[in-house]
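If you read the sequence from its start, that first residue is 1, and numbering goes on from there.
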Amino acid sequence: MRPILGIDKAALIGFSLILILIGVLPILIAPPIHSGVYPVVERLNEAQLVVQSSGGTVSGAAQDLLHTVTASVLSWFGGV
């Protein structure tokens, strides 16, 4: 096994300090996390509205999606 080089020690210390800083001051990491999670939450809210408008069941929404996809594929091939 090779010895730990100075650059390896510096990287470990740097990453450790970053993690400790984030643990002590989570406000530093909150804005990037919020901006990354926000689009996902918006999509989930839209999906929830679609499910509620299609009878309130996931299977009903899945069936509607299947019908839509089937119609799109068939029209793409020149069918219905």
Establish whether Ile20 and Leu25 are linked, either directly or via other cluster members, by ILVMFWY side-chain heavy-atom contacts under 4.5 Å.
yes

Test: salt bridge (Lys or Arg N to Asp or Glu O under 4.0 Å). Region: residues 3-20. Which pairs qualify, not counting sequence neighbours?
Arg2-Asp8

A side-chain contact here means heavy atoms from C-beta on lying under 4.5 Å apart; do Ile18 and Ile22 qualify?
yes

CD1/Ile4: more than 12 non-hydrogen atoms of other groups inside 6.0 Å:
no

Quick check on Ile7: does its CD1 atom have over 12 non-hydrogen neighbours (other residues, nucleotides or ligands) under 6.0 Å away?
no

Tightest non-hydrogen contact, residues Pro32 and Ser35, listed as O-OG, 2.9 Å

Under 4.5 Å between side-chain heavy atoms, counting indirect links through other Ile/Leu/Val/Met/Phe/Trp/Tyr residues: same cluster for Val41 and Ile29 or not?
yes

Taking ILVMFWY side chains as joined if any heavy atoms are under 4.5 angstrom apart, and letting links pass through other members, which residues group with Tyr38?
none

If you count the non-hydrogen atoms of other residues, nucleotides and ligands that lie under 6.0 Å from CD1 in Ile27, is the total more than 12?
no

